[in-house]
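In this chain, numbering begins with 1 at the start of the sequence shown. Just so it is clear, the values below take in all heavy atoms, side chains as well, and ignore hydrogens, waters and symmetry mates. When a ligand or atom number is given, it counts from 1 through the structure's own listing order.
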Amino acid sequence: MNILVVGGAGYIGSHCVRQIVAAGHRPVVLDSLIYGHRQAVASDIPFYQGDLADQPFVRQVLRKEKIDLVMHFAAFINVGESVSDPIKYYKNNVVKTLALLETMLEENVKKFIFSSTAAVYGMPDTMPITEDVRKAPINPYGQTKLDCENLLASLAKAHGLSYSVFRYFNACGDAVDGTIGEDHSPETHLIPNVIRAALGLAPTLKIFGNDYPTPDGTCLRDYVHVDDLARAHIAAFDKLGAPGTELHFNLGTGRPYSVLEIIQAVEKVSGKKVPVEFTPRRAGDPPELCADATRAREFLGWKPQFDTVESIIETAWRWHSTHPNGYR
Ligand code: UDP
């Protein structure tokens, strides 16, 4: 299949491009390079720099490359920024997704895979989280993803769009060969920040709160390797044949780790001590998020190959220790 990967030069998108090639399909990348990195995509993969909402441009790419299915990773992801600048988030994450979908439908491209997030659930009462739990985002970032999910449901019914939504828990890790990896600026995610502190690239790792109702007082999260996320997307390709198919999957390992456990795992993998500093809670952090990914396991035959956090951190350590400035 010819797969258009929108946001294919970003962190999750670029890992997905590689897995698409490994699975014998043909990826085509479209990325604005606002946050993506040209070096994250191999030079032999068709690459189009531009905006996903530029309809004549996207139309031309869909036609020229005979695209069968579109995967969309091109969202803004900084929760704090979504709170301070919601217009930016609704414009990029919702309005531009709407434009992309409109172009696709006009061109009769009706298979779509959407990157969503555990943030659509907000602070659920039950753990682990199944797909049917009430969606109640607590920040504009999560709300923009939920708005797109609702749009997809309407388009499936009105126009026969077939789609799969993947709600990621904590995406992490990097390519096993150490050649592509996570490079956000600023970096807000835990594992890269712990590694940066271990490498001496940051004075300390700030631990945001140790007074949560959890066993060690720090937040619990479900960390899942980016290549495992990518493999779930590819397993969904075959399930989108019937018009109007609507699929929703959580992706996580089902084993939560605390912030302190992640620090210990980085120390074990790297052999280095991580200097830490306890600071107040970060606004909007729920105490625990853990996936029930039974549906992905049963329906897609998905099984995370990285099933311990140490195995994930080994890949992250390899990337960050050899690329202390990311792609720069
Ligand atoms: N965290 C932290 N220090 C950091 C970054 C994150 O203590 O420098 C904590 C954060 O409060 C949360 C967990 O680590 O409890 C995971 O945060 P991350 O930003 O990686 O992912 P999120 O769960 O917010 O999507």
Hey, what's the ring geometry for His233 with Tyr168, parallel, tilted or perpendicular (30° and 60° as the breaks)?
tilted

Any Val259 side-chain heavy atom under 4.5 Å of Asn210 side chain
no

For ligand 1, indicate whether the residue Lys206 contacts it via side chain, backbone, both or neither (heavy-atom separation under 4.0 Å).
backbone

Any heavy-atom pair between the side chains of Leu146 and Glu149 that's under 4.5 Å?
yes

Can you tell me which residue and heavy atom of the protein come closest to atom 23 (O) of ligand 1, and the distance to 0.1 Å?
Arg221 NE, 2.7 Å

Contact partition for Asp285 relative to ligand 1, non-hydrogen atoms under 4.0 Å
side chain

Report yes if Leu190 has an N/O atom closer than 3.5 Å to an N/O atom of ligand 1; otherwise report no.
yes

Applying a strict 4.0 Å limit to heavy atoms, is Tyr223 in contact with ligand 1?
yes

Nearest non-hydrogen protein atom to atom 15 (O) of ligand 1, with distance, is Cys219 CB, 3.0 Å

Proximity of Leu205 to ligand 1 by residue part, where a heavy atom lies under 4.0 Å
side chain

Should one rank Glu288, Glu187, Arg282, His189 by closest heavy-atom distance to atom 17 (O) of ligand 1, which comes out on top?
Arg282

Walk me through whether Glu106 and Arg59 qualify under side chain to side chain contact (heavy atoms under 4.5 Å, CB included).
CA-CA 9 Å; Glu106 283 168 5; Arg59 191 183 315 284; 3.0 Å; yes

Quick test of your reading of the structure: of Phe208, Phe278, Tyr257, Tyr212, whose heavy atom lies closest to atom 4 (C) of ligand 1?
Phe208

Look at the rings of Tyr141 and Tyr89 and say which category their plane angle falls in: under 30° parallel, 30 to 60° tilted, over 60° perpendicular.
perpendicular

Please list the nearest protein heavy atom to atom 9 (C) of ligand 1 with its residue and the distance rounded to 0.1 Å.
Val259 CG2, 3.8 Å

Between Tyr35 and Phe76, is the ring pair (Phe, Tyr, Trp, His ring centres under 6.0 Å) condition met? List the steps.
CA-CA 9 Å; Tyr35 291 118; Phe76 293 162; 5.2 Å; yes

Can you tell me which portion of Val79 lies within the under-4.0 Å heavy-atom range of ligand 1? Options are side chain, backbone, both, or neither.
neither

Closest protein heavy atom to atom 21 (O) of ligand 1, given as residue, atom name and distance to 0.1 Å
Asn170 ND2, 3.0 Å

Please state whether the rings of Phe237 and His25 are parallel, tilted or perpendicular, taking 30° and 60° as the class boundaries.
perpendicular

Is the shortest heavy-atom distance from the side chain of Met104 to the side chain of Lys110 under 4.5 Å?
no

Identify the protein heavy atom lying closest to atom 8 (O) of ligand 1, giving its residue, its atom name and the separation to 0.1 Å.
Asn193 ND2, 3.2 Å

Among all protein non-hydrogen atoms, which one is nearest to atom 5 (C) of ligand 1, and what is the separation to 0.1 Å?
Thr188 O, 3.3 Å

State, yes or no, whether a side-chain contact exists between Asp174 and Tyr11 at a heavy-atom distance under 4.5 Å.
yes

Only heavy atoms of Ile207, strictly under 4.0 Å: list the atoms of ligand 1 that pass.
7 (O)

Within the 4.5 Å heavy-atom criterion, are Lys272 and Trp317 side-chain neighbours or not?
yes

